[in-house]
Structure formats: C-alpha cells, structure tokens
Amino acid sequence: MSHPGSPPSTGAAAAPGPRHTFRSVAPVLALCWLAVFFDGMDVNVYGAVMPHMLDDPGLGLTPGTAGTIGSWTTFGMLIGALGTGTLTDWLGRRPVLVTSVLLFSAGSAVCALSGSPGPFGAGRFLAGLGLGGLMPICLSMVMEFAPSRRAALATGLLMTSYHAGGMFATGLGLTLAPAFGWRWVFWAGVLPVVVAAPLLLRLLPESPGVLLAKGRTAEAAAVADRYGMARPVPADAPTQGAKGRLAAVLALFRPGARWATPLLWLASFCGLLLVYGVSTWLPQMMRASGYGLTSSVSFLLIINAGGIVGMLIAGRTADRYGPVKVSALWFLLTAAGALLLGTHLPLTLTYVVVGVTGVWLFSAQVMVYAAANRVYPAAERATGIGWVTGIGRTGAVVGPWLGGTLAAGGNDQLGFTAFALAGLLGALAIGLVPLARRIGRPAPAAPAPVSAGP
C-alpha cells in the first residue's frame, strides 16, 4: 500500500481524481475530527472534575489556584498555537500534528500522577503546548482540502468533534470520578497516543502546498488529484526557511489585512475567553448559584450538546450569508444567554437556556476562524489562523483566571456579567472586519493622463 502523499508508482500521467466534494475529502475531515475530539476531551476534562478535585483534601487545590492552573493550560496553548502556526509550514502538517497529540497525552499522564498543585499545573501546561498546536493545524488542513464554497460548513463539522469530546469528558467526570476518583479521568487522556497518533501517521496526507514548497512537485500533484483538489501553484506554497517564516508573519499586515488582523485577534480573544472561561467554571458557578453537584456538572454536558447543534447551523448559515455576520450575531446571542444564566431560573428552564447558549457560544468563535480563511490567501492560511488562535489564547488565559479570581472572592455571579461583556466586545470586533478590509486596501492607481496630440 502506498503511503499518503506518495507519487504514482508508474511514469504514466495520473488518472483524473474525484470531483472536489465533501465525499472526496472525507478521510481528511474524519482524521482531523478524531484529533480535535481528543482536544475537546482534554480541555473540558478539567472543568468536569474540578468540583471533585476541590473536594480532595490530599491535593490541596483551592479555587484561586484552580483558576491559575487553568490559565497555565491556556498559556501553554498560546505558545503552542503561535509556534505551530509558523513551524507547520516549514516542517509539514502531519509530523507537527502528531507531536501535538503526544504532548497533550503526556501532560494528561503527568496530571494523573500529581500529588500537589505544582506538578499538576506543570502537566496542564505541557498538555496546553500540544493542544495549542493541534487546533490551527486541523483547521488549516480542513480549509485547504474542503471545497472553497463549503469551507465554513467544513469548519463547523470539524468543530463538532470538540464538543463531542467535551461531552465525553463530562461523561467521564460523572461516572469515573465519583466511582474511582478524578485521577482516572486524566488517565483516559492518554488514549490519543494509542488511538489517534498511529492513524494520523499512516493515513493523513500532507498539505499539497507544503509539498510544493519543499520541491516535491509530483507528490503535491498526486495528493491534489487523489482528493479532487486543484493542483497547487507557487502562490499557494508557503515560503520556506527562516526568512520565509518572518515574511509569513509580516504578510498578515499587508494591504487589505493590516487592520482586519488585529480585529480578528480581538474577536478570537473574546471568543476563547468565553469558551475556556465557561468550560472551566460553569459547573462551579452553577453550583455556587444553588444547583446540586450532579446538575452543575451536567450543565457542561448540555452546553457542549448545544455546541454540536450550533456548529452545524452556523456552518451552513455562514456559507450562505458569510461568517462575519453569523459570528457577530452569535456573539450577541451568547451575551444574552450569559445574562440569563446569571438569574436563578427553575432547573428545567435552566437546562434549556444552557443548551441554547451552547448553540451560539462555541460557534461564534469558530466562525472567527472561517472569517480568517477569507482574509488570508492559501500561502498565509496556516500562519494567519495560527496567530488568530494564538493571540486569542490570551483570552483563554484570562477566562479561567477571571473565573477563579471571582470565585475566590465569593463573586461567582459576576462571572456571568463578565462573559456577557466579552460577547458584546467580540460582536463589535468581528463586525468591523469588512470595514477594516476596505480601509486597508490600497487606493487604485489614477489613470495616466492622456497627452494631447500635436
């Protein structure tokens, strides 16, 4: 069996590949879906078991320390995303993606073995390095391989896996943690080494653009033909070498993107503050609002279920109306949901509000990535999305820290207000991206004057 990305075994011209449809790129989407599933599982597992960890006197975890550790995780993600978004154009998508999987699996093992907050925080930081690298690679791979007219839907489909992983983590928190202790939930985080890494190494193709940039033209053409894609041209290939990596970052501020780039960063900051703040602190915030422990953890399951529905709705809607409009509206609806959750509603109604808020919250952030796909061309896509996710990780650092600070001060209810304000700011930032692109474009050259005849 030939390795994915290898050239045809004969010298004859390659047969025409399949039409460029979802079916032709399903293998890439499925493999990236699996990787992001474990990403969602690892990110959400901390919030799912936090009430049990806080109740464990042997660990010595306090709400303030828990929030700080959550920020260590997302700080690792920030470093991973910024570094990986650039390195993957140089080293290739597949090896960097597999390395990311190995890192966050190792971090989960360290957490399972830890007996105090210090080593546990180190394990979460290590996991964060891998988690931060994984997301931009999978996003850029799916956007590259998917039909351009269905890029937003493909992004939404990919990100349903994040919430499926989050639901799985919550299920582990509801079953394994009460019966066997919270450590067994982190041992489950080692599964990606056994399940995902071998499949990615064997079956995931390399980016045709990266192959072309490395001079492997025949392999690039073979991969493109196999998946029904247009063969890459030099403009699609990222520039190689250290100077090429610097040029890729500087290109994010070229005309047409120079003002849109910081707005995308701000929108990503707000979106990830919401995603990680809610994923980490929702069970504890709801518990502080008077709900029982089981109900509080169940809210995390419900909000991730809403997230899966939201990804499907947002993806199809964004392909029709544009990801900017969808993201801005979704941010506004998230703000309204956060304010509603701050009021103590009857339990049944609270479940409904949590589920509906999940529909908007997570896909608001994902549509920021879909908007970035329209701002940056193919050769800049991995770097652009890497920096959008990387800079956005500062919001992921702030979210858990802010929740922990408010919880330590007995002001859990203010967390809902803070999340609502983040939603409003995110809507403003992403909504201004089209205007910023128009302002940033160079003015058209004036026509040369026509000289009068003699």
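Numbers here simply count residues along the sequence, with the first being 1. Computed from a prediction, not measured in an experiment: that's the story for all the values here. Only heavy atoms go into these numbers, but all of them, side chains included; no hydrogens, no water, no symmetry mates.
- Contact record, Tyr376 with Leu264: OH-CD1, 3.8 Å, taken as the closest heavy-atom pair.
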- List the steps and the verdict of side-chain contact (heavy atoms from CB on, under 4.5 Å) for Leu153 and Leu157. CA-CA 6 Å; Leu153 177 58; Leu157 286 171; 4.2 Å; yes
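- Distance alone, capped at 3.5 Å, is enough to place a donor-acceptor pair between the Thr73 side chain and the Ile69 backbone.
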- Task: Apply side-chain contact (heavy atoms from CB on, under 4.5 Å) to the pair Ser100 and Leu131, showing each step before the final yes or no.
- Result: CA-CA 6 Å; Ser100 297; Leu131 294 168; over 6 Å; no
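- Closest non-hydrogen pair, Ala318 versus Ala152, comes out as CB-CB, 3.7 Å.
- When all heavy atoms of Leu113 and Arg183 are compared, the pair lying nearest together is C-NH1, 3.8 Å.
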- Hey, mind stepping through Asn373 and Thr155 against side-chain contact (heavy atoms from CB on, under 4.5 Å) and telling me if it holds? CA-CA 10 Å; Asn373 182 53; Thr155 305; over 6 Å; no
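- One finds the CZ atom of Arg93 at 8.0 Å from the CD1 atom of Ile137 (value rounded to the nearest 0.5 Å).
- Inter-residue side-chain proximity for Ile313 and Ser363 is flagged as unmet; no heavy-atom pair is nearer than 4.5 Å.
- Of the residues listed (Phe180, Phe120, Tyr46), the one engaging Phe186 in a ring-ring contact (aromatic ring centres under 6.0 Å, His included) is Phe120, and it is the only one.
- Residues Arg124 and Cys111 meet the side-chain proximity criterion, which asks for heavy atoms closer than 4.5 Å.
- Looking only at side-chain heavy atoms (C-beta outward), Glu144 and Pro208 come within less than 4.5 Å of each other.
- Contact of the Leu263 side chain with the Ile430 side chain is not registered, since no non-hydrogen atoms from C-beta on lie closer than 4.5 Å.
- Put simply, the residue from Leu34, Val101, Leu134 that forms a side-chain contact (heavy atoms from CB on, under 4.5 Å) with Asp39 is Leu134.
- Here the two rings, on Phe168 and Phe38, have centers that are 6.0 Å apart or farther.
- Under the 3.5 Å distance criterion, the side-chain polar atoms of Ser105 are left unmatched by any main-chain donor or acceptor of Leu102.
- Closest approach of Leu103 to Gly130, counting heavy atoms only: CB-CA, 3.8 Å.
- Taking CE of Met135 as the reference point, atom CG of Leu272 lies at 8.5 Å (rounded to 0.5 Å).
- Between Cys32 and the choices Ser140, Cys138, Pro27, the side-chain contact (heavy atoms from CB on, under 4.5 Å) rule is met once, by Cys138.
- Classification of the Trp33-Phe37 ring pair by plane angle, with boundaries at 30° and 60°, yields parallel.
- Of all heavy-atom pairs spanning Ala422 and Leu273, the tightest one is CB-CD2, 3.9 Å.
- For the pair Val275 and Leu361, the minimum side-chain heavy-atom distance is below 4.5 Å.
- To the nearest 0.5 angstrom, Thr357 atom OG1 is 6.0 Å from Ile303 atom CD1.
- In this structure, CE in Met141 is found 8.5 Å from CG in Leu31, a value given to the nearest 0.5 Å.
- Annotation: side chain of Phe145 is in contact with side chain of Val223 (closest heavy-atom distance under 4.5 Å).
- Note that the CD1 atom of Ile308 and the CE atom of Met311 stand 9.0 Å from one another [nearest 0.5 Å].
- Heavy atoms only, all atoms of each residue included: Ser114 and Trp182 are closest at O-CH2, 4.2 Å.
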- Message: Quick one, Lys214 with Val210, criterion side-chain contact (heavy atoms from CB on, under 4.5 Å). Give me CA distance, side-chain angles, the key distance, then yes/no.
- Response: CA-CA 6 Å; Lys214 292 178 175 293; Val210 171; 3.8 Å; yes
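- A donor-acceptor distance shorter than 3.5 angstrom exists from the side chain of Arg94 to the backbone of Leu204, with no hydrogens or angles considered.
- Inter-residue side-chain proximity for Leu129 and Phe125 is flagged as met; some heavy-atom pair is nearer than 4.5 Å.
- From Thr317, atom OG1 reaches atom CG of Leu329 across 9.5 Å, with rounding to the nearest 0.5 Å.
- Looking only at side-chain heavy atoms (C-beta outward), Leu274 and Phe331 come within less than 4.5 Å of each other.
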